[in-house]
There are 2 protein chains.
Amino acid sequence: MAVRGRPRSFDRDAALARAMHLFWERGYEATSLADLTAAMEINSPSLYAAFGSKEALFREAVGLYAATEGAGSREALAAAPTAKDAVATMLRRAVARFVGSGHPTGCFVVLGALNCSAENDAVRRYLAERRRAVARALRARLARAITEGDLSADTDIDALAAFYVTILNGMSLQARDGATRRTLDRIADCAMAAWGSLAASPARSRTTSSARAARRRSAKPPSISRDRRKPAAPDDTS
Amino acid sequence: MAVRGRPRSFDRDAALARAMHLFWERGYEATSLADLTAAMEINSPSLYAAFGSKEALFREAVGLYAATEGAGSREALAAAPTAKDAVATMLRRAVARFVGSGHPTGCFVVLGALNCSAENDAVRRYLAERRRAVARALRARLARAITEGDLSADTDIDALAAFYVTILNGMSLQARDGATRRTLDRIADCAMAAWGSLAASPARSRTTSSARAARRRSAKPPSISRDRRKPAAPDDTS
DNA sequence: TGGTTTTTGTAGCGATCGGCACGGAATCCG
DNA sequence: CGGATTCCGTGCCGATCGCTACAAAAACCA
């Protein structure tokens, strides 16, 4: 069945991309409808007919961002053969995105709605939930590495995931503050140089778990394990 | 000479503290004059007579924050005997501040004006400059450690400072997203566990610099040095 | 006490906010 | 072609934005 009525005279996807860039650069509340309609080259009734509201447009822009810019990180986590490779590739691609040309610096999910008034706090919480999803995905990749024997079961993957999420969030801020690609690369290098101090390698061959525990007690500790640490609270963010 | 005219009927310092908390929680633009006058329990003409404008009030609130909350970090950097102690103490105190009771989570300087419209971009840049000052102070402490023989001259203190600033910024975001003190402590632990991989210890006694260079070339590298790295651009943020 | 100075609360300024009513225009079906 | 349907641009809505004019009130000095 063909469409009835007068056809839309603008490219909805292109207009959404313009809106995403604006929201990405300024944030949700600091981007006005006048800014949006000017950049999208449409009038406000067209915007409301096509997207519903400013908040709905924002959420759709976040979805576009996740489907395009965010795809690389997910792919890196899934495809890398080891947890260390996965994290290193994720950081390297993040740096490339954060200072890439043709779009604002840093991560949209991190910087898109940090300062919100009380009435728009739902928007801030929406992005916060997406950030938690990133943290969960990273933690799940580390958990997979344990089942695959790539990472020792002693590794405190909650702390490890929270640590590298902190690196990601911090680099977004640095990028927005004008950090160069070289600086961000060096930060990522530092974060990966720490890997050996944080992630325990599994026992080489078929040592028993009690043997691993014995080795853990005796050896000079090159890594932080989660001995005597309570599990993270379920509502904790990272 | 005594003051002329009708005396002020409210406590200026207390009103400024209320304003600081509001700006800290919501950010510059998301905090309206109506919010401010309600919290400060004054009318807008009193606010303008006492502080000049919303932006001037914000800058004064930032000054109050730096003089109170920020004092601990500066003191920690200056007083600690070694660079490692300084950074560790700074991180530990930052965590305590980020989730302390009686005020918003995270750092005001980081979270106070991230999303600003074009006309208020000067406010965002003002806080960005304060963040750069923090980075410079940290770097200066690391440079001091080199002159004191506490840190090897090989250490890439630009990268090291940028790395720990990233940790600080990232933890502010995590705190704002609801991270618990325990999570932030573990992140700080991870960051400090990385110290050995990032900071080179100075040669033990009076080895020559050529001897240190030789050792640097031969040994399995336990640290990131700045060999063959260009110095950071002067306008780089960290 | 009268004059001067400064703060106070009321009331409202022009501008902008997100959002929408409305009539004309453009396309479809029959 | 007529009728139905959908989109477009003009114009404007009530609310809120940061900010201020104004006159009464409260302190000082002479």
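- Rounded to the nearest 0.5 angstrom, Arg12(A) CZ and Leu16(A) CG are separated by 6.5 Å.
- Regarding Phe51(A), its CZ atom lies at a distance of 16 Å from the C1' atom of dG19(C), rounded to whole Å.
- Listed by first and then second residue, the salt bridge (Lys or Arg N to Asp or Glu O under 4.0 Å) pairs involving residues 160-175 of chain B amount to none (not counting sequence neighbours).
- Classified by interplanar angle (parallel below 30°, tilted 30° to 60°, perpendicular above 60°), the ring pair His103(A)/Trp24(A) is parallel.
- Atom CG of Leu33(B) is separated from atom P of dC13(C) by 18 Å (rounded to the nearest Å).
- Using modelled atom types, one side-chain atom of Thr37(A) and one backbone atom of Ala34(A) make a donor-acceptor pair closer than 3.5 Å.
- Rounded to whole Å, atom C1' of dC19(D) lies 12 Å from atom NZ of Lys54(B).
- Side-chain polar atoms of Arg26(A) and Thr31(A) form no donor-acceptor pair below 3.5 angstrom.
- The CG atom of Asn120(A) sits 10 Å away from the C1' atom of dG18(C) (whole-angstrom rounding).
- Taking atom CE on Met40(B) and atom C1' on dT8(C), their separation rounds to 15 Å, with Å as the unit.
- The residue Thr37(B) sits apart from the nucleic acid: no heavy atom pair falls under 4.0 Å.
- The two residues Arg131(B) and Val109(B) make their nearest non-hydrogen contact at NH1-O, 2.8 Å.
- Taking all atoms of both residues into account, the shortest heavy-atom contact from Ala39(B) to Leu22(B) is CB-CD1, 3.6 Å.
- Against DNA chain C, the stretch residues 43-50 of chain A makes heavy-atom approaches under 4.0 Å through Ser44(A), Pro45(A), Tyr48(A).
- The stretch residues 18-29 of chain A does not touch DNA chain C, since none of its heavy atoms comes less than 4.0 Å from the strand.
- Rounded to a whole Å, the CD atom of Glu119(B) is 14 Å from the P atom of dC17(D).
- Here Ser32(A) reaches the OP1 or OP2 of dC17(C): one of its side-chain N or O atoms lies under 4.0 Å away.
- For the pair Arg12(A) CZ and dC7(D) C1', the interatomic distance rounds to 14 Å; values are reported in whole Å.
- Along DNA chain D, the nucleotide nearest to Thr31(B) and the one nearest to Arg8(A) differ in position, and the one closer to the 5' end is contacted by Arg8(A).
- Summarising the geometry, atom CG belonging to Asn169(A) is positioned 11.0 Å from atom OG1 belonging to Thr166(B); distances are rounded to the nearest 0.5 Å.
- Protein atom CZ of Arg6(A) is 9 Å distant from nucleotide atom C1' of dT27(C), rounded to whole Å.
- If you check every strand for non-hydrogen atoms under 4.0 Å, Ser117(B) touches nothing.
- Side-chain polar atoms of Thr183(A) and Gln174(A) form no donor-acceptor pair below 3.5 angstrom.
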